[in-house]
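First the proteins, then the strands, lettered A, B, ... as listed; each starts at 1.
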Protein chains: 2
Amino acid sequence: MNRAEFDVGARLRILREMHGLSQRELAKRAGVSNAIISLIEQNRSSPSVGSLKKVLDGLPISLAEFFAVDPAPRPRVFFNADELVELAGGRISYRQVGPDLAGRALQILHEHYAPGADTGEAMLHHESEEGGVVIRGRLEITVGDQSRVLGPGEAYYFDSRLPHRFRNLGEEECEVVSACTPPSF
Amino acid sequence: MNRAEFDVGARLRILREMHGLSQRELAKRAGVSNAIISLIEQNRSSPSVGSLKKVLDGLPISLAEFFAVDPAPRPRVFFNADELVELAGGRISYRQVGPDLAGRALQILHEHYAPGADTGEAMLHHESEEGGVVIRGRLEITVGDQSRVLGPGEAYYFDSRLPHRFRNLGEEECEVVSACTPPSF
DNA sequence: TAAGTCTGTTTAATATATTCAACATTCACA
DNA sequence: TGTGAATGTTGAATATATTAAACAGACTTA
């Protein structure tokens, strides 16, 4: 296994910034001094596991997640979306963002649901996680035994092993951008 | 979130014994004193990440493997996005879709770039893949040595180990939905 | 028995992590 | 302009991790 050097400081800084926290805010949540967070992020101090755990609890993420690394893909760049795909007799259409399925880490779809569009009663489920944002219109999302109607700017995220279903109950077309981890068919 | 305590000492002792090494043997391989291994295993000392790494190198086991716990992700459903996070002096803002970083397979962001917003010259790069769709406005995307201006409905996808930068050069606010795999840093 | 060598543990000295307080900078606001 | 409240950083004091060396027990071997 490729045992690359693990940059504790850089990782902590990125995670903290992604959570929109200042060093002092995180320090307060974690119950440590702000100075030590600065020093750790500069790799001027190698935190004890105990204090690193306290800091991560402030985010909160686990030690396992902190140290987990993803397998490295090859550098690729793609602009624009693939061709339009139509489902449900044209009532649902989407474009896939990025390269074709093989080897991707992400599947991103730009979807359009016509009024009345429905992914169907036989609810989908697959081994991945999935989320999205409603851009325009209203969409009913049913996951497991929960159901919600989302409008523009609202969002969802779920474990796609749960059976799920999407329906446009309104009079207006609904537009959604969604993403999921690569489906393992 | 219920994050079970991680017993560093017990885990180290078990791993060491599974490898059939005495404390002194492991200490010699790791380049540390035998005393500290005894103390760590008794949880009388919380090792620094640096020295823990040295010890694990003697097994050899990575930090990720040491802290890895059985991936038993519970099915989860989340609606709506987290609170608004602001960057670049408020010119760039986003909401994160779904749960907090911990254990997610996906990061989905609903982003807004004010006119003139710029992620900066010191271009970002991290270990993941990333893509998105422009909903409104125009956004210049620079990845490696490629640069493109995307408008509504247009999309991008790239390996985020390539340095990248986003700029809104227009007069209008730009809205984007993006997704990436969980960044390792 | 005693001397040898292995085991894990402990003690006192030292190196380092961590704290507290101050500093320099930036940004919002008067 | 200035003043206050943010930001990240740094220095000196303190707490803790780490070392080197010694200790105690279990097992050979003579």
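OP1 or OP2 of dG8(C) lies within a sub-4.0 Å distance of a side-chain N or O belonging to Arg16(B).
Between Arg24(A) atom CZ and dT7(D) atom C1' there is a gap of 7 Å when expressed in whole angstrom units. To the nearest angstrom, P of dT10(C) lies 8 Å from CG of Leu39(B). Here dG8(D) presents its P atom at 11 Å from CG of Leu12(A), a figure rounded to the nearest Å. Between Lys28(B) atom NZ and dT7(C) atom C1' the separation is 16 Å, expressed in whole Å. In this structure, Gln42(A) atom CD and dT10(D) atom P are separated by 5 Å, rounded to whole Å. Rounded to whole Å, atom P of dT10(D) lies 13 Å from atom CG of Asn34(A). In this structure, CG of Leu21(B) is placed 14 Å from C1' of dT7(C), rounded to the nearest angstrom. Between the C1' atom of dT19(C) and the NZ atom of Lys54(A) lies a distance of 11 Å, rounded to the nearest Å.
The distance from atom OG of Ser178(A) to atom CD of Glu111(A), rounded to the nearest 0.5 Å, is 3.5 Å.
In the set dT18(C), dG8(D), dT7(C), the nucleotide with an atom closest to the side chain of Ser38(A) is dG8(D). For Ala35(B), taking side-chain heavy atoms from C-beta onward, the closest of the listed nucleotides dG8(D), dA20(D), dG8(C) is dA20(D). When distances are taken from the side chain of Glu25(B) to each of dT7(C), dC23(C), dT18(C), the shortest belongs to dT7(C). Between dG8(C), dG8(D), dA17(C), one nucleotide has an atom nearer to the side chain of Arg13(B) than all others, and that is dG8(C). Among the nucleotides dT10(C), dT9(D), dG8(C), the one closest to any side-chain atom of Gln23(B) is dG8(C). Relative to the side chain of Ser45(B), the nucleotides dA17(C), dT19(D), dT18(D) differ in distance, and dT18(D) lies closest. Closest to the side chain of Ser48(B), out of dT19(D), dG8(C), dT18(D), is dT18(D).
Residue-level contact check: Ser33(B) touches the bases, meaning some heavy atom is under 4.0 Å from a base atom.
Under the 4.5 Å side-chain heavy-atom criterion for ILVMFWY residues, no single connected hydrophobic cluster contains both Leu169(A) and Leu139(A).
Taking the ring centre of Phe6(B) as origin, the terminal cationic atom of Arg11(B) falls outside the region bounded by 6.0 Å and 45° from the ring axis.
Donor-acceptor pairing under 3.5 Å is lacking for the side chains of Ser38(A) and Glu41(A).
By the neighbour-count criterion of 12 heavy atoms within 6.0 Å, atom CZ of Arg136(A) is densely surrounded, having more than that number from other residues, nucleotides or ligands.
The residue among Ile40(B) and Glu41(A) whose nearest nucleotide of DNA chain D is located toward the 5' end is Glu41(A).
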